[in-house]
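Report on one structure; see the data block that follows.
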Amino acid sequence: QVESRCPSLPRPAAAPVELSLYYESLCPACRAFLVLNLFPTWLLLPEEMLNITLVPYGNAQERNVSGKLDFQCQHGPEECLGNMMEACLMQEAKNFSTYFPVIFCMESGSSVTKNLEACLQIYAPEVDSGRISACVQGDTGLALMHHNAQLTEALVPPHQYVPWITINGKHTEELQAQAQASLLGLVCNLYQ
């Protein structure tokens with residue numbers, strides 16, 4: 001009867017593959033990767049295999065205008081708003097499996113910034129949209145964007161484009177290409 005006992009034996013757990021996505025809310029290539037590669041791969045894999053960090057900032061510029069932080073984004077003010085909405089959503093929802101489907105919904109729709117309410121109703125009705133709005137309009141949103149700016153600026157090598165993907169803390173052109181061509185295959189190859 002040894003075979004019946006095998007499944008219950010503890011197995012040493014391998015560390016998850018760590019993937020960080022540095023992106024911009026309105027960048028077409030970022031949206032395509034998140035919607036068509038990252039989200040489906042996350043759905044397919046058991047959660048102990050893949051750990052995802054999302055950093056919405058990308059090629060934005062941070063400036064200090066007479067003591068107040070100001071951000072300029074590659075695709076204009078609308079993108080800065082989208083980045084901040086997603087950062088505030090992450091802060092409010094806390095749990096990755098709560099906020100990732102909402103971000104997927106926002107990024108796959110026609111307007112990233114206008115779909116928050118509808119996406120929350122579908123994927124995370126327990127998250128308070130009023131608190132997200134308060135975060136976006138207040139100092140918390142600016143602080144979160146500043147944090148994302150610091151994370152993005154600290155990249156080694158420095159990012160040259162978006163989406164910028166790091167795997168287990170590393171970025172190479174080869175890893176980037178593999179992640180964009182077959183993320184599922186890459187994660188399965190790397191997972192120990």
Side-chain angles (χ1 to χ4, degrees), residues 13-63 69 71-76 78-91 93-97 99-108 112 141-192:
V17 174
E18 299 281 345
L19 182 148
S20 294
L21 175 64
Y22 296 82
Y23 71 105
E24 299 167 349
S25 62
L26 299 190
C27 140
C30 300
R31 294 173 74 174
F33 178 73
L34 191 147
V35 170
L36 302 173
N37 299 71
L38 191 56
F39 189 73
T41 300
W42 175 73
L43 288 177
L44 288 167
L45 292 170
E47 84 183 47
E48 63 271 12
M49 274 183 75
L50 180 61
N51 194 5
I52 300 170
T53 303
L54 299 174
V55 185
Y57 187 78
N59 298 325
Q61 300 292 315
E62 180 179 47
R63 292 182 320 181
L69 287 178
F71 297 94
Q72 289 196 299
C73 296
Q74 192 172 357
H75 301 90
E78 178 91 356
E79 179 165 83
C80 283
L81 177 60
N83 291 348
M84 200 183 286
M85 288 168 85
E86 291 180 8
C88 285
L89 165 66
M90 291 183 228
Q91 170 90 359
K94 300 203 174 22
N95 188 327
F96 187 82
S97 55
Y99 65 69
F100 193 33
V102 180
I103 290 177
F104 160 78
C105 173
M106 291 167 69
E107 291 291 340
S108 57
V112 172
L142 291 173
L144 292 171
M145 291 314 297
H146 176 64
H147 178 67
N148 286 351
Q150 289 177 312
L151 290 176
T152 306
E153 296 305 314
L155 283 166
V156 178
H159 86 285
Q160 289 146 13
Y161 49 81
V162 283
W164 187 262
I165 301 159
T166 67
I167 307 281
N168 295 331
K170 289 200 294 286
H171 174 93
T172 65
E173 289 301 316
E174 188 184 0
L175 280 172
Q176 175 94 18
Q178 288 177 326
Q180 290 186 285
S182 172
L183 184 60
L184 186 63
L186 176 63
V187 174
C188 291
N189 283 339
L190 292 174
Y191 184 66
Q192 298 299 311

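Keep in mind it's a predicted model, so treat the numbers as computed, not measured. In this chain, residues are counted from 1 in sequence order.
Here the shortest heavy-atom pairing between Pro163 and Phe33 reads CG-CB, 4.3 Å. Nearest heavy-atom pair across Asn168 and Pro16 is OD1-O, 4.1 Å.
For the pair Met145 and Glu62, the minimum side-chain heavy-atom distance is 4.5 Å or more. Side-chain contact between Glu48 and Tyr191 is present, with heavy atoms from C-beta onward closer than 4.5 Å. With contacts defined as side-chain heavy-atom distances shorter than 4.5 Å, the pair Leu81/Cys73 does not qualify. Taking the side chain as every heavy atom from C-beta outward, Met90 and Leu144 never approach each other to under 4.5 Å. Side-chain contact between Ser25 and Glu78 is absent, with no heavy atoms from C-beta onward closer than 4.5 Å. In this structure, Ile103 and Tyr23 have side chains that are in contact, with non-hydrogen atoms separated by less than 4.5 Å. Residues Leu155 and Trp164 meet the side-chain proximity criterion, which asks for heavy atoms closer than 4.5 Å. Contact annotation: the side chain of Leu54 approaches that of Leu38 to within less than 4.5 Å [non-hydrogen atoms, C-beta and beyond].
A donor-acceptor distance shorter than 3.5 angstrom exists from the side chain of Gln176 to the backbone of Ile165, with no hydrogens or angles considered. Side-chain atoms of His171 do not come within 3.5 Å of backbone N or O of Thr166 as any donor-acceptor pair. Without hydrogens or angle criteria, Asn37 side chain to Gln180 main chain gives a donor-acceptor distance under 3.5 Å. Checking side-chain atoms of Gln192 against main-chain N and O of Leu190 turns up a donor-acceptor pair under 3.5 Å. Of the possible donor and acceptor atoms, one in the side chain of Glu24 sits under 3.5 Å from a partner among the backbone N and O of Asn59.
How far CG of Leu183 is from CG of Leu50: 6.5 Å, rounded to the nearest 0.5 Å. Once rounded to the nearest 0.5 Å, the distance linking CG of Leu142 with NE2 of His147 reads 14.5 Å. For the atom pair OH (Tyr22) and NE2 (His159), the distance works out to 10.5 Å, reported to the nearest 0.5 Å.
Aromatic rings of Phe104 and Trp42 (six-membered ring for Trp) have centroids beyond the 6.0 Å cut-off, not under it. Aromatic ring centroids of Phe39 and Phe100 lie under 6.0 Å apart.
Shown here is Glu173, whose CD atom has more than 12 heavy atoms of other residues, nucleotides or ligands within 6.0 Å. Within a 6.0 Å sphere centred on CD of Gln150, heavy atoms belonging to other residues, nucleotides or ligands number more than 12.
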